Amino acid sequence: MLWAARGCFLLWLLPSILRARASPETRPSSPLCQQSPTKVSCKGVGLRKFPKELGQGIKYLELSNNFIQNLSGSNMPGFGQLEYLDVCFNQLETVSATALAQLPRLRSLLLASNHLDRNYLANGEAFHLLRNIEVLDLSVNNLESHMASWYISNLTSLRVLDLSGNMMTKLLAGTFRNSPRLRQLDLSHNYIMEIQEGAFEPLEELEVLNLALNSLHCISGFSLTQLQVLNLSHNALELFSSKEGAEPYLLRVLDLSHNRLLSFPELPRAHELTHLNLSNNLIASLLPGSPHPREFVLLYKEMQRFNSTVRPMAALTRVADLDLSNNHLELFPFSFFHSLGSLHRLSLAGNCLQDVARESVSNGTELSVRSLDLHSNALRVLPRWFFDSLPHLESMDLGSNSLQPCEGQGSDQGKDLGRDSHTSTPGDTCTPFYNVPRLKHLSLSKNSISRLQPHAFSQTPLLSLDLSGNRNLSMATGALGGLELSLQELSLRDNQMDEGQAALPCLGRLRVLDLAGNALSLLPAGLSCSPLESLDIRNNSLQSLATARSWSHSLRAVAVAGNPWSCCSLGWLDTLRVAGVAVPDLHQARCVFQEHGRNISARITGTPSWICPQPKGTTSLVLLVVLIVFSVCVWAFCLLRRGKAPGCARLGSNRVGMSQPHPRGEGPAEERPPDSITKV
Ligand SMILES: *[C@@H]1O[C@H](CO)[C@@H](O)[C@H](O)[C@H]1NC(C)=O
Ligand SMILES: *[C@@H]1O[C@H](CO)[C@@H](O)[C@H](O)[C@H]1NC(C)=O
Ligand SMILES: *[C@@H]1O[C@H](CO)[C@@H](O)[C@H](O)[C@H]1NC(C)=O
Ligand SMILES: *[C@@H]1O[C@H](CO)[C@@H](O)[C@H](O)[C@H]1NC(C)=O
Ligand SMILES: *[C@@H]1O[C@H](CO)[C@@H](O)[C@H](O)[C@H]1NC(C)=O
Ligand SMILES: *[C@@H]1O[C@H](CO)[C@@H](O)[C@H](O)[C@H]1NC(C)=O
Ligand SMILES: *[C@@H]1O[C@H](CO)[C@@H](O)[C@H](O)[C@H]1NC(C)=O
Ligand SMILES: *[C@@H]1O[C@H](CO)[C@@H](O)[C@H](O)[C@H]1NC(C)=O
Ligand SMILES: *[C@@H]1O[C@H](CO)[C@@H](O)[C@H](O)[C@H]1NC(C)=O
């Protein structure tokens, strides 16, 4: 049977496979191509040759993901109007001049992922005919430096060129001599170690240059003043400096992430820079005069300039986004950031910050930072003045540090809580998170906080608070006092808290609550106040969800797996279902029932109802019904024995119909799947 069925299926498929293979050669225009008057797409239809006679006037032709090897004159029909040709992901190795001569209007030619390293001399010569080409993609073609140079050597109209993913090791001086109109150049993912002097000189209109994922060690005398976006990430740069005395730069985005920089790059005239990424480097200090030249692995003659007193920061007044994550900074360099008057987003995550030094801050120094990422450092305390110096702070990630929040004051004493009050930071062992007037998002995840003091965040208008990963955290009553009318999202995940450690006030705005990975056998009482929409209570010790009803008007989703739910009090599931609340992990959830004095765990979705003790009256009724069913079964069985098979079909349905209605309205109860039952 099985073999026969499979054979049929194959035979039924075969004609369409054959058609796919044969079509380009036998039919003028492949039925597998999608065609509109000026646009044809034959993507991935198994073509081995250029399709013939697609009709006149086609401007846009897409042939990607096929097996085309040659673009030669003999098989090229009239494509006089063609402007856009995509032959990416083919086997292309030969492009003839006669073919390209027939494409006088071609503007965009996409040839990524082919074999244009083969026959590159002849192909390149043919390319010289592409006078009007503006967009050329030659990425991933195994091209070496000289091959790439040859291909583009006469393309004077080129605006966008992609040479990424090739085998280039250097940029030759004359490569772009004839492409002065180039605006976007992608050289990423090559092996470029050397840029010959003057290689970029002809490119006076270049705006976007991608040199990411190469092997450059040093950029000095950077002088592409018209460039707007420069990506040098994932190289081996130890030094980046721009040319002295050059005119102002137009650079807006500079990505120097994933290099080996030891110091902040020298950018004295980059007035337009807004986005600077220095993440994943080796910068240990931002103080002037560092690093010392002996810290470099290689020595460059340009290094003597570090001796000069140029303040590289002086001009970076527009930088809004600065990423210094994953470097080696030990001190929060306050005064350094002060010169960045537009800084909005600052990341110092993954450094070795232990302290913020007051000495470096003069009175009244304020940073414009709104979002500050300090996660994964070694901070033990942040003083009051630190928050006072960040008056615009809205979002702060302090995860994976060792900060302990101070006790704040309740609303009755609120009047005394001046911004300069130091009364509640005794000995500076804790951090005052209260009274930070604009802070809305705070993460204190994984800080080994063992006890959250009362009113720790009072008068700080938090919308979201992450306290996850603080094992054995204990929250005193009113620890979240003051957040009653603001807090919308709270995470207490993976804290191993029991119900005595998790006291919540009445949080009247709380929408999202994550309590997964605790030891709760009851949900915090205060929660019935909250208009919860999303609740995660996985991996706790809950047996029932008695409070489900109070959220039935607001709740949209609840995750429940990993709790020892009681199989015989699952009424809360009904409540949720009636309210239309999604329980996406119900199929993983298990419940516990007792049988012969032992606790047995079963899947909630596969639990039969007979396991639960029934009220007295119904029990005898059930017994009666079961008895009747049994007799009917025996009778039917006898009939069957006598060859009256049709009765059998009803036998099954009869029995199911007689079993108790499922308490959760799932229809007939199923047998316990054997694998879902374990003794506990
Ligand atoms: C492609 O062109 C080469 C040389 O021009 C020729 O030897 C080869 O047969 C052609 N291949 C196809 C599939 O046309
Ligand atoms: C480059 O193009 C010019 C015309 O734009 C042409 O005269 C010249 O011969 C071409 N050079 C090569 C090497 O094909
Ligand atoms: C720079 O290139 C890397 C690697 O391709 C990429 O991940 C990153 O997003 C790019 N940076 C910018 C600013 O585009
Ligand atoms: C900086 O680069 C890193 C790594 O490439 C990336 O993860 C991060 O998002 C970038 N930062 C910004 C602000 O773009
Ligand atoms: C550093 O600067 C001083 C004076 O400004 C000069 O005498 C000295 O030669 C410089 N050192 C180097 C290594 O250039
Ligand atoms: C800083 O301000 C405090 C008062 O807030 C004042 O006592 C102190 O002298 C000031 N320090 C400096 C260096 O201006
Ligand atoms: C958790 O904290 C309580 C005090 O809050 C302490 O008695 C208990 O030993 C701690 N448990 C663990 C496992 O650290
Ligand atoms: C729940 O516990 C299981 C088993 O320990 C674990 O694999 C899973 O990631 C936990 N899920 C959550 C949300 O804590
Ligand atoms: C069965 O579970 C209940 C409630 O979880 C518990 O009180 C009881 O000790 C358990 N009984 C056995 C035999 O494990």
Side-chain angles (χ1 to χ4, degrees), residues 139-140 162-166 184-190 192 207-216 227-237 240 251-261 265 273-283 319-327 340 342-351 369-376 395 397 445-446 466 468-471 491-497 512-520 534-542 557-565 583-586 588-590 601 678:
S139 60
V140 196
D162 190 345
L163 287 168
S164 64
N166 282 296
Q184 288 184 30
L185 175 57
D186 192 344
L187 292 162
S188 65
H189 227 304
N190 277 280
I192 299 172
E207 289 172 359
V208 180
L209 174 58
N210 192 347
L211 279 162
L213 294 146
N214 279 288
S215 308
L216 295 165
L227 207 60
Q228 295 179 17
V229 178
L230 174 58
N231 194 340
L232 282 162
S233 73
H234 293 273
N235 276 274
L237 292 176
F240 179 94
L251 202 59
R252 288 186 292 106
V253 176
L254 176 57
D255 191 342
L256 288 165
S257 62
H258 292 273
N259 278 287
R260 296 185 199 148
L261 294 175
L273 199 65
T274 57
H275 181 114
L276 178 55
N277 197 336
L278 294 167
S279 76
N280 293 279
N281 278 284
L282 305 172
I283 301 172
V319 170
D321 200 337
L322 175 57
D323 192 341
L324 275 162
S325 61
N326 298 309
N327 276 282
L340 305 174
S342 307
L343 198 58
H344 280 187
R345 238 160 63 96
L346 172 62
S347 176
L348 290 164
N351 278 275
V369 174
R370 292 181 185 178
S371 162
L372 179 59
D373 188 348
L374 292 172
H375 86 255
S376 300
S395 166
D397 188 345
S445 158
K446 297 191 187 149
D466 186 350
S468 65
N470 290 292
R471 282 183 82 85
S491 176
L492 293 170
R493 176 185 282 240
D494 290 331
N495 287 346
Q496 300 300 322
M497 303 163 89
V512 180
L513 176 60
D514 189 347
L515 289 171
N518 282 288
L520 301 173
S534 164
L535 177 62
D536 192 339
I537 45 178
R538 283 175 289 175
N539 293 355
N540 274 285
S541 308
L542 295 163
V558 56
V560 300
N563 282 285
W565 299 111
V583 188
D585 62 348
L586 189 61
Q588 291 164 25
R590 302 180 76 87
S601 161
T678 43

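Every number for a ligand or one of its atoms is a count from 1 in the order of the listing. Starting from 1, each residue takes its place in the sequence as its number. On a predicted model such as this, the values are computed, not experimentally measured, just so you know.
With respect to Leu232, the side chain to side chain contact (heavy atoms under 4.5 Å, CB included) criterion is satisfied by exactly one of Asn277, Leu216, Asp255, Asn210: Leu216.
Near ligand 4, residues Ser257, His258, His275, Asn277, Ser279, Asp321, Asp323, Arg345 come within 4.0 angstrom through at least one heavy atom.
Near Arg538, meaning under 4.0 Å from any of its heavy atoms, are these atoms of ligand 8: 13 (C). Heavy-atom proximity to Arg493, at under 4.0 Å, picks out these atoms of ligand 8: 13 (C).
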Audit row: Phe240, Leu254, side-chain contact (heavy atoms from CB on, under 4.5 Å) steps and yes/no: CA-CA 11 Å; Phe240 179 94; Leu254 176 57; 4.2 Å; yes

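Side-chain contact between Ile537 and Leu520 is absent, with no heavy atoms from C-beta onward closer than 4.5 Å. The shortest distance between side-chain heavy atoms of Leu209 and Leu187 falls below 4.5 Å.
The salt bridge (Lys or Arg N to Asp or Glu O under 4.0 Å) search around Asp536 returns Arg493, Arg538, not counting sequence neighbours.
No donor-acceptor distance shorter than 3.5 angstrom exists from the side chain of Asp323 to the backbone of Leu278, with no hydrogens or angles considered. For Asn495 (side chain) and Asn470 (main-chain N/O), a donor-acceptor pair under 3.5 Å exists by modelled atom type.
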